[in-house]
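Working notes, beginning with the structure itself.
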Amino acid sequence: MVKDIKTRIREKTKLSDTAISIVFDMDSEITPGQFITVGCGAERILRRPLSVCDAVNGRVRVVFEARGEGTAWLASREPGEILNVLGPLGNGFRLQSDGLPALFIGGGIGAPPVLFSAKRFVDGGDAVIGFKSKKFVILEREFREAGKTVSVCTDDGSYGVKGFVTSEAERLLKKKRYGRVISCGPTLMLREIAKLAASYKVPCQVSLEERMGCGVGACLVCACKIKGKDGDEYRRVCKDGPVFDAGEVLF
Amino acid sequence: MVKDIKTRIREKTKLSDTAISIVFDMDSEITPGQFITVGCGAERILRRPLSVCDAVNGRVRVVFEARGEGTAWLASREPGEILNVLGPLGNGFRLQSDGLPALFIGGGIGAPPVLFSAKRFVDGGDAVIGFKSKKFVILEREFREAGKTVSVCTDDGSYGVKGFVTSEAERLLKKKRYGRVISCGPTLMLREIAKLAASYKVPCQVSLEERMGCGVGACLVCACKIKGKDGDEYRRVCKDGPVFDAGEVLF
Amino acid sequence: MKPSISVDFCGISFKNPVITASGTFGFGREYAEFYDLSELGGICVKGLTPQKRPGNPPPRIAETPMGILNSVGLQNPGVDAFLSGELPYIKQFDTRVIANISGNTIPEYCEMAEKISDSEADIIEMNISCPNVKAGGMAFGTDAGMVKDVVSSARKFSKKPLVVKLSPNVTDICEIARAAEDAGADALSLINTILGMRIDINTRRPVLHRNVGGLSGPAVLPVAVRMLYQVKKAVKIPLIGMGGIRTGSDAVEMMLAGASLVAVGTACFSEPMTPLLVRDGIREYLEKHDISDVNELCGAVAEYKD
Amino acid sequence: MKPSISVDFCGISFKNPVITASGTFGFGREYAEFYDLSELGGICVKGLTPQKRPGNPPPRIAETPMGILNSVGLQNPGVDAFLSGELPYIKQFDTRVIANISGNTIPEYCEMAEKISDSEADIIEMNISCPNVKAGGMAFGTDAGMVKDVVSSARKFSKKPLVVKLSPNVTDICEIARAAEDAGADALSLINTILGMRIDINTRRPVLHRNVGGLSGPAVLPVAVRMLYQVKKAVKIPLIGMGGIRTGSDAVEMMLAGASLVAVGTACFSEPMTPLLVRDGIREYLEKHDISDVNELCGAVAEYKD
Ligand SMILES: Cc1cc2nc3c(=O)[nH]c(=O)nc-3n(C[C@H](O)[C@H](O)[C@H](O)COP(=O)(O)OP(=O)(O)OC[C@H]3O[C@@H](n4cnc5c(N)ncnc54)[C@H](O)[C@@H]3O)c2cc1C
Ligand SMILES: Cc1cc2nc3c(=O)[nH]c(=O)nc-3n(C[C@H](O)[C@H](O)[C@H](O)COP(=O)(O)OP(=O)(O)OC[C@H]3O[C@@H](n4cnc5c(N)ncnc54)[C@H](O)[C@@H]3O)c2cc1C
Ligand SMILES: Cc1cc2nc3c(=O)[nH]c(=O)nc-3n(C[C@H](O)[C@H](O)[C@H](O)COP(=O)(O)O)c2cc1C
Ligand SMILES: Cc1cc2nc3c(=O)[nH]c(=O)nc-3n(C[C@H](O)[C@H](O)[C@H](O)COP(=O)(O)O)c2cc1C
Ligand code: FES
Ligand code: FES
């Protein structure tokens with residue numbers, strides 16, 4: 001059941017120079033990869049979509065970066081303040097057990113839903129998370145706590161492995177047989193991961209981003225191009241996604 | 001000097017069911033009758049004009065009613081929060097001593113600037129303040145503390161004298177010779193007071209209200225009709241007023 | 001006594017004056033997860049075209065101060081798929097259905113009007129004002145001569161009440177309104193979106209892939225109210241008012257200006273429950289002001305005469 | 001290196017691209033209490049008419065979502081009183097002066113253009129788009145033929161650069177822009193206000209005494225950006241962009257769409273310092289993006305072509 005609630009911020013933590021973690025009350029069944037939309041001030045019409053990073057004991061956590069005005073507004077909220085939250089929305093990652101480990105790949109602020117997936121996934125696996133540089137690294141410890149090995153990559157090598165997540169992912173794909181790739185991050189990264197997974201014949205699920213209006217599937221603004229049975233067609237990131245099979249996405 | 005400041009709310013008091021008193025830091029020379037304009041939320045373009053009710057020790061007090069959306073927003077602010085304040089603006093009441101007592105008349109939420117005038121005026125006098133009913137009565141004690149006798153009128157007689165301020169004012173005008181009338185309140189009330197003062201030949205100053213844009217005299221939206229030397233003309237409530245000689249106002 | 005909020009519109013009874021705006025509510029399925037669609041006065045569906053349309057490439061939306069721009073470009077399954085796949089779904093609910101149609105040519109409008117006339121939809125709304133498609137669309141709605149042609153042709157094929165949806169992107173909305181009335185429109189709806197644009201100053205690219213798009217949401221409310229007010233005085237047929245309605249007060253304002261029904265669009269994006277909140281707000285206003293019938297509001301603005 | 005923010009506009013040098021919008025800044029006196037007017041690129045004064053005008057009865061302003069409606073109705077002391085009483089005051093400051101004129105007839109425009117040509121004002125802006133007066137005003141600006149007539153006539157009497165201010169209340173802004181250009185306009189400014197209305201639902205009265213008024217402020221920004229973008233492609237003469245600018249980013253957006261200069265109006269009501277903040281914001285943007293000259297922004301939007 002999608003909820004449309006006003007809820008109180010319970011915790012707020014700065015994870016890095018740019019990433020903020022907020023926890024609020026929301027008692028819902030949530031699948032990793034699903035998202036919520038949050039109102040960002042009376043002066044803004046559109047809610048901002050944020051992936052759920054964790055959901056336990058009636059509390060939901062999101063991790064986000066202040067990019068533009070709306071998320072800057074959100075970043076300046078404090079515990080005790082009220083948020084308008086709608087969710088959970090969309091389809092999450094398919095995480096049913098098949099006995100094979102999974103490869104979790106998160107780029108930048110795409111890491112949070114991947115972490116949530118890693119936590120819920122039962123067949124073990126490895127995680128690769130990538131960031132611009134050391135000061136942007138987040139959630140490393142939590143991936144480890146989720147029982148996954150973690151490789152951290154930074155573009156400039158200031159922490160962990162130098163380079164993009166793709167090289168590290170390829171190294172792992174060469175070594176081990178994975179049942180699936182679970183991935184979220186910048187579109188360019190997802191495109192490369194999709195190619196990589198295809199070349200290693202591992203099913204790959206990606207969580208896409210697109211600007212949204214309603215967030216519930218009614219307005220058709222959040223279009224992404226998908227290979228359909230009867231030719232290419234636009235599908236809704238908010239309702240048909242945000243998780244898609246990488247193979248059907250026309251990046 | 002007009003100031004354009006962000007300042008912190010220091011005190012907030014409920015004076016009645018509908019009237020709220022807010023005190024904030026602002027160190028300015030302010031004449032009673034002058035006003036400030038205050039920003040009422042990022043989602044509203046226009047600042048709201050409020051008369052100053054008191055200014056001492058670097059603190060300014062305003063008393064207002066939540067009438068529409070902007071003042072409702074203001075009414076929901078709490079001490080510690082920041083306000084955008086511009087002021088002092090406009091011309092206040094002329095309160096120079098002439099040895100004669102003054103008659104202070106305030107209607108409803110028009111009472112605050114009249115109180116400020118009464119506090120600053122040195123030649124003594126009497127005050128008449130009127131409200132719809134008992135539960136709207138405000139500032140009575142403070143008028144008394146300002147050294148003025150006070151008659152409180154209520155439309156329904158639920159407190160003080162039953163009836164409008166005009167009858168009570170007329171009773172006083174008959175009894176005593178006043179040097180001036182200082183008045184603020186609903187336009188209809190001011191019109192009656194103006195007539196009354198004229199018939200007793202007492203100079204009368206009124207503080208007018210009009211919807212404002214800039215609040216500083218530049219946009220000409222706050223027009224009120226005034227008898228000019230060369231015929232009637234529109235003058236600016238914000239810059240040429242809000243205090244006008246009642247005799248020149250075309251109500 | 002509870003005020004009556006039902007409205008007779010072109011001979012069709014609406015249980016309340018609040019409908020959804022075309023394109024913001026899909027075919028109702030998604031919002032049915034939030035409330036019973038039977039609570040609505042009516043549902044105006046996503047704009048239909050003779051054939052399935054893919055719509056424009058993304059991004060299709062941009063935020064603006066108290067508004068949004070969209071350039072969906074009439075993505076829809078086509079009128080036949082609507083009639084077979086979507087209409088029966090909506091008809092499960094006790095609410096009115098308005099089928100919104102957009103053509104590139106006059107025969108396209110006629111063809112769709114004819115098909116819908118044989119369906120269970122209650123009303124046909126002709127969108128002659130979509131700013132987000134290349135051919136047809138807004139071009140029809142900005143020229144009185146073309147309005148006359150397309151409306152009088154479609155009129156012949158419509159057995160249902162025919163509502164013509166006007167574009168605000170015109171010099172003289174009254175001229176267009178009269179042309180539609182003269183051509184046989186049973187009612188008018190306004191406003192469609194106002195053409196706008198946003199540019200991302202970091203990439204220097206327009207935010208929308210189609211460069212420009214249609215402005216809607218609270219920002220346009222005063223323009224919509226003005227046009228309703230002007231058109232109400234120019235024509236005799238009833239009006240559906242839309243553009244920026246978020247609250248019961250906004251809806252009452254639109255009705256005082258001249259609307260018989262009001263549509264809620266963009267506001268649903270901020271708050272899915274908006275149509276019901278608007279309906280409740282209208283009722284509260286009537287109660288507070290002791291008005292027994294919502295129809296009394298229609299065009300009841302007391303304009304200044306001097 | 002500090003970026004250059006000076007602009008040559010019709011042969012007149014502006015120290016920065018930020019000017020004030022006519023009617024929102026009086027004749028500068030009031031805002032001179034807040035900052036040195038020499039900091040401004042230029043000042044566009046309140047609309048002038050041949051004779052003193054009293055303006056419309058109040059209320060003259062209404063608030064709307066992220067905007068305002070005004071119906072001041074060109075209250076002003078008349079062009080002669082401006083030239084003798086106000087212009088010398090502004091000329092104390094080192095900034096450009098744009099004299100905004102509004103006529104009811106072609107001869108009125110000509111007469112004012114001639115008078116101002118002999119003054120120290122730098123530029124003449126013809127307002128053919130005021131929605132708040134009965135005769136003349138917007139009527140001139142919504143018909144290409146009339147635009148041609150009034151501009152070509154006024155052109156003959158102007159010894160200063162002549163800017164024509166366009167109304168957004170038209171079907172095809174490019175047609176009007178081209179008419180003005182063909183008639184000899186040296187530049188165009190846009191947008192004036194969009195016609196709107198608000199109704200007080202408690203009194204059932206329009207909020208404005210003139211019933212309708214002109215919409216300005218952030219709400220109109222996307223409409224202004226779109227029109228700048230369209231007009232930039234339609235004409236060769238330079239443009240002054242205005243409508244909803246509040247920040248340096250808004251101004252940059254307007255310049256990318258096609259503006260050489262930008263004007264700030266309504267935003268001054270929220271914050272008197274806005275014009276200077278906008279100027280500073282433009283400079284910061286240039287620094288951040290390593291752009292050495294503000295003129296590089298003009299029309300530099302990278303539109304989508306497919
Ligand atoms: C399904 C989904 C899940 C997401 N999860 C996260 C997350 O967990 N953490 C996180 O930091 N970010 C996440 N994002 C991105 C986040 O939604 C944007 O960063 C945010 O909307 C930007 O808003 P703004 O007000 O800061 O930017 P502005 O540029 O001011 O926003 C203007 C408009 O564009 C939209 N917009 C801008 N950038 C994006 C974007 N990248 N994706 C979608 N809409 C955008 C905004 O929502 C808004 O409607 C997610 C996006 C989607 C679609
Ligand atoms: C010089 C002056 C001094 C004032 N002093 C006080 C005071 O001390 N205490 C107090 O309670 N009120 C005072 N008022 C009235 C106060 O400004 C309005 O009640 C307030 O602006 C209403 O805003 P709103 O958002 O609640 O109403 P809305 O109706 O939402 O406001 C919409 C717009 O109309 C304007 N507006 C609405 N009513 C009035 C009004 N009566 N006068 C001027 N503008 C109005 C608002 O400022 C806003 O721009 C004063 C007005 C003026 C002109
Ligand atoms: C995303 C979106 C899609 C729309 N699609 C259509 C459409 O298909 N047909 C149509 O006639 N109007 C369409 N409109 C216009 C709306 O029906 C409505 O006229 C307009 O948005 C103003 O109302 P609002 O401000 O309440 O949204 C669309 C509007 C939006 C925001
Ligand atoms: C109160 C007010 C008065 C105005 N008076 C004039 C005027 O006299 N002449 C004119 O050409 N434009 C006038 N305008 C229009 C502005 O110059 C400007 O074009 C419009 O407000 C859009 O800019 P903004 O959104 O920054 O205010 C006026 C606008 C306002 C708000
Ligand atoms: S955002 Fe409305 S359909 Fe996806
Ligand atoms: S409010 Fe602008 S002149 Fe008074």
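So that the names make sense, note that chain A is the first sequence line, chain B the second, and so on, each numbered from 1.
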With only heavy atoms counted, which part of [X] is less than 4.5 Å from chain A, the side chain, the backbone, both or neither?
{"X": "C:I61", "result": "both"}
{"X": "C:F25", "result": "backbone"}
{"X": "C:P57", "result": "both"}
{"X": "C:F27", "result": "neither"}

For A:L86 and C:F34: C-alpha separation, side-chain torsions, deciding distance, then whether side-chain contact (heavy atoms from CB on, under 4.5 Å) applies. CA-CA 11 Å; A:L86 188 71; C:F34 291 89; 3.5 Å; yes

Is it the case that more than 12 heavy atoms not belonging to [X] sit under 6.0 Å from its [atom1] atom?
{"X": "A:F164", "atom1": "CZ", "result": "no"}
{"X": "C:K52", "atom1": "NZ", "result": "no"}
{"X": "A:E29", "atom1": "CD", "result": "no"}

Please check if the side chain of C:T24 supplies one atom and the backbone of A:C219 the other of a donor-acceptor pair under 3.5 Å.
no

Would you say the side-chain atoms of C:E33 pair up with the backbone N or O of A:V2, donor to acceptor, closer than 3.5 Å? no

From the list C:P58, C:G28, C:G26, the residue making the most non-hydrogen contacts under 4.5 Å with chain A is C:P58

From the list A:E69, A:K3, A:E210, the residue making the most non-hydrogen contacts under 4.5 Å with chain C is A:E210

Okay, A:M212 and chain C: the region with an atom under 4.5 Å from a heavy atom over there is backbone

